[in-house]
Amino acid sequence: MFINKDMMSSVFRLWLYFWLPSLLVGILSFLSATESGTLSSVPLSVGHLWIHNSLVCAGILLSGRINQKLPYLFYGYNSIFFSLILSLSASLPQAFSRLLIYGPVEVAALALATYFGAHRQYRMVWILFVLLLLAAFLEQLAGRF
């Protein structure tokens with residue numbers, strides 16, 4: 001399987017769609033001008049982050065074996081769930097600034113997993129786990145700021 005233009009445009013659209021609920025959370029938070037978050041930042045190890053995100057990607061990939069539409073459903077669920085967690089963040093501006101460090105890489109891996117799962121293409125799956133490891137290290141780095 002080669003990376004082609006159609007694949008990249010599909011993955012990029014998925015990547016953009018992931019951020020829509022988060023953007024809505026940010027706008028609503030800005031408009032309300034209150035800090036009502038309840039979750040504080042809990043440091044997690046690189047291994048924990050990598051395993052959790054790898055399991056999410058594996059679930060998205062394997063759901064494509066059942067039905068080719070399921071990866072999109074799980075991807076959308078993860079996007080909404082992520083946005084809900086973000087909305088509970090103790091400091092939304094700080095959460096967004098940390099997210100800028102690791103989020104693009106992590107969401108790219110999720111978008112690729114969705115594409116691979118929906119199209120039942122598993123030959124390049126190893127790329128996902130490399131991206132997720134990079135995202136886990138970046139997330140650790142972001143937690144230090």
Side-chain angles (χ1 to χ4, degrees), residues 1-64 69-119 121-145:
M1 175 183 85
F2 296 98
I3 298 174
N4 59 38
K5 193 166 99 174
D6 291 333
M7 177 187 151
M8 290 311 295
S9 66
S10 294
V11 169
F12 184 68
R13 278 194 316 269
L14 284 167
W15 187 86
L16 287 176
Y17 294 153
F18 187 92
W19 298 108
L20 290 178
S22 298
L23 182 63
L24 181 63
V25 165
I27 291 169
L28 292 175
S29 174
F30 178 75
L31 292 177
S32 71
T34 60
E35 288 288 327
S36 62
T38 57
L39 291 181
S40 60
S41 180
V42 177
L44 299 171
S45 71
V46 170
H48 180 268
L49 294 168
W50 184 76
I51 288 172
H52 176 266
N53 291 330
S54 294
L55 288 174
V56 170
C57 278
I60 290 173
L61 282 168
L62 293 175
S63 69
K69 301 290 184 206
L70 277 177
Y72 296 110
L73 181 68
F74 286 132
Y75 184 80
Y77 168 79
N78 277 297
S79 174
I80 292 168
F81 184 74
F82 171 80
S83 298
L84 290 174
I85 295 296
L86 187 63
S87 71
L88 296 174
S89 192
S91 170
L92 201 56
Q94 184 181 20
F96 271 116
S97 65
R98 287 182 180 174
L99 184 61
L100 288 174
I101 296 173
Y102 69 90
V105 177
E106 190 173 309
V107 174
L110 289 170
L112 278 169
T114 303
Y115 182 86
F116 290 159
H119 292 89
Q121 297 177 351
Y122 304 108
R123 291 180 57 177
M124 295 181 64
V125 168
W126 62 271
I127 292 173
L128 302 175
F129 301 103
V130 172
L131 284 173
L132 290 174
L133 188 60
L134 175 62
F137 279 113
L138 290 173
E139 194 166 349
Q140 277 289 306
L141 182 66
R144 296 174 192 226
F145 295 115

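Scope of the values below: all heavy atoms of this structure, side chains included, with no hydrogens, waters or symmetry mates. Numbers here simply count residues along the sequence, with the first being 1.
Atom CG of L20 sits about 10.5 Å away from atom CD1 of I80, to the nearest 0.5 Å. Once rounded to the nearest 0.5 Å, the distance linking CZ of F74 with OG1 of T114 reads 10.5 Å. For the atom pair CG (N53) and CG (N78), the distance works out to 9.0 Å, reported to the nearest 0.5 Å. We find the CZ-CH2 distance between F137 and W50 to be 10.5 Å, quoted to the nearest 0.5 Å. Rounding to the nearest 0.5 Å gives a distance of 9.5 Å between CG of L112 and CG of L61. Summarising the geometry, atom SG belonging to C57 is positioned 6.5 Å from atom CZ belonging to F129; distances are rounded to the nearest 0.5 Å.
Residue Y75 comes nearest to F18 through the heavy atom pair OH-CB, 3.1 Å, listed as atom of the first residue, atom of the second, then distance. Across P71 and A118, no two heavy atoms sit closer than the pair CG-N, 3.6 Å. Residues A113 and L128 share a closest heavy-atom pair of N-CD2, 3.5 Å.
Contact of the I60 side chain with the Y115 side chain is not registered, since no non-hydrogen atoms from C-beta on lie closer than 4.5 Å.
W19 and F82 have perpendicular rings, their planes meeting at more than 60° on a 0 to 90° scale where under 30° would count as parallel.
Listed for the W15 side chain is no donor-acceptor partner under 3.5 Å among the backbone atoms of V107. Judged by distance alone, with hydrogens and angles left aside, the side-chain atoms of S83 form a donor-acceptor pair with the main-chain N or O of S79 at under 3.5 Å.
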Side-chain donor-acceptor pairs of residues 7-14 under 3.5 Å, sequence neighbours excluded:
{"residue": "S9", "atom": "OG", "partner": "K5", "partner atom": "O", "Å": "3.3"}
{"residue": "S9", "atom": "OG", "partner": "D6", "partner atom": "O", "Å": "3.0"}
{"residue": "S10", "atom": "OG", "partner": "D6", "partner atom": "O", "Å": "3.0"}

